[in-house]
Asker: 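Next up is a structure, given as structure tokens.
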Amino acid sequence: MSVINIYYHNENIYNVEKKPPERPPKPPLYHSRFENMVRCETKSCKDSHRTMGYAKVPQPNPEEFLKKNGGVRYRATKSAPVRLCSDACKPPVPKKNELECGRQQVVKIVDHKMENIKKATSAGPKQQRPPRYADTRKGDFHDLKKSGLVPVYMCQPKYGKIPCYLERRKRELEIQKQAMKCAVPEEKSSCKMVTQEERLELLKGLKKNWEKLQQEYQSLPLLIDTVPKMMRKAKLEKGLKELEKDILMLENTPVIYVFDDE
């Protein structure tokens with residue numbers, strides 16, 4: 001048997017890359033020896049006109065152009081809130097009767113939706129401007145109706161009268177009606193009674209048709225999974241229902257009358 005020696009070490013291939021050089025420490029910040037003096041002078045100049053403003057408003061230099069928000073700004077001063085009414089001018093407490101009357105007057109339910117609907121329904125149409133025409137390039141307007149440019153049909157002699165072709169058509173229709181009355185013989189009765197023999201024969205034929213449809217319906221496959229099969233089944237069911245309805249009507253009504261619509 002061969003012996004395998006396993007050595008453990010701390011080497012790592014990811015640390016083979018070169019590391020960036022370390023940055024040198026930053027030098028200390030520079031502080032001027034006149035820093036405190038400049039700070040005190042600036043503060044004293046600002047505090048001199050903090051509340052009262054400038055003793056003399058500095059004028060802008062005419063060589064420099066004006067900029068937005070470049071003027072002098074004044075700080076607003078806080079004042080005490082103004083009381084509109086003191087305790088002395090308060091109204092007295094209302095009595096019981098006055099309070100009830102006041103409530104009745106104040107409480108008023110207004111249905112703005114219904115008011116808007118009423119206004120919209122009762123409002124009249126907007127007044128349209130009369131037609132005009134301009135005859136010059138400067139825009140001189142004149143009334144179009146009184147100018148004679150628009151035809152006025154009320155002035156024609158045929159206005160408000162029946163046209164001639166309608167009168168002629170009316171006469172032709174009257175002549176056709178009279179000719180049909182003369183040609184038609186005596187009117188026969190359009191109502192006919194079905195005899196018992198005809199009724200039994202109709203009933204026998206309906207039952208025979210019902211048996212045929214019932215046989216076709218029973219011969220349908222058990223699995224109806226296609227559209228044509230579904231349509232055929234629905235058609236047979238509809239025909240069976242109509243035949244059953246007609247058979248029931250003939251069996252329950254012994255006297256039947258047939259009316260000819262023609």
Side-chain angles (χ1 to χ4, degrees), residues 46-47 49-55 57-58 60 65-163 165-167 169-170 173 224-225 227 230-231 233-235 237-242 244-246 248-249 252-253 259 261:
K46 286 184 177 179
D47 293 342
H49 53 79
R50 183 181 289 276
T51 57
M52 300 299 294
Y54 290 98
V57 178
F65 63 91
L66 297 176
K67 297 180 181 180
K68 187 177 180 182
N69 299 328
V72 181
R73 294 188 178 183
Y74 299 97
R75 187 173 295 178
T77 57
K78 293 183 180 180
S79 59
V82 180
R83 299 188 66 182
L84 300 176
C85 184
S86 61
D87 297 337
C89 64
K90 283 184 179 180
V93 179
K95 296 180 181 180
K96 184 178 180 181
N97 298 332
E98 295 178 359
L99 186 62
E100 290 178 356
C101 296
R103 282 180 180 174
Q104 291 177 0
Q105 294 177 0
V106 171
V107 177
K108 186 179 179 181
I109 300 172
V110 181
D111 194 353
H112 298 284
K113 187 176 179 181
M114 293 302 298
E115 286 187 357
N116 293 336
I117 292 171
K118 289 179 181 179
K119 287 180 181 178
T121 52
S122 61
K126 292 183 179 180
Q127 187 176 2
Q128 296 182 357
R129 296 181 62 183
R132 301 180 299 172
Y133 75 97
D135 58 349
T136 61
R137 58 175 182 164
K138 295 182 179 179
D140 296 334
F141 293 102
H142 303 282
D143 192 3
L144 183 61
K145 291 183 179 179
K146 297 179 181 179
S147 64
L149 299 174
V150 181
V152 182
Y153 297 101
M154 292 179 64
C155 300
Q156 293 184 358
K158 296 181 180 180
Y159 181 78
K161 296 181 180 179
I162 300 173
Y165 72 92
L166 290 178
E167 293 285 351
R169 181 62 179 165
K170 190 176 180 180
L173 289 173
I224 299 174
D225 53 351
V227 177
M230 294 178 184
M231 293 175 65
K233 181 183 177 184
K235 186 178 179 181
E237 288 178 351
K238 185 179 179 182
L240 287 171
K241 286 181 181 179
E242 290 179 356
E244 289 174 359
K245 185 178 178 182
D246 295 338
L248 186 63
M249 187 265 292
N252 294 334
T253 53
F259 184 80
D261 294 335

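Quick caveat: nothing in here was measured; it's all calculated off a predicted structure.
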Asker: Of all heavy-atom pairs between M230 and D225, which one has the smallest distance, and what is that distance?
Answerer: CE-C, 4.4 Å
Asker: For residues 152-161, dump all side-chain donor-acceptor pairs below 3.5 Å to protein atoms at least two apart in sequence or in another chain.
Answerer:
none

Asker: Could you tell me whether the side chain of M114 reaches within less than 4.5 Å of the side chain of I117, counting heavy atoms only?
Answerer: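 Yes, their side chains come closer than 4.5 Å.
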Asker: In this structure, are over 12 heavy atoms from other groups packed under 6.0 Å from I162 atom CD1?
Answerer: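 Result for CD1/I162: open.
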Asker: Apply side-chain contact (heavy atoms from CB on, under 4.5 Å) to K245 and K241, showing your working.
Answerer: CA-CA 6 Å; K245 185 178 178 182; K241 286 181 181 179; over 6 Å; no
Asker: Show the nearest heavy-atom pair for residues D140 and D135, with the distance to one decimal.
Answerer: O-OD1, 3.1 Å
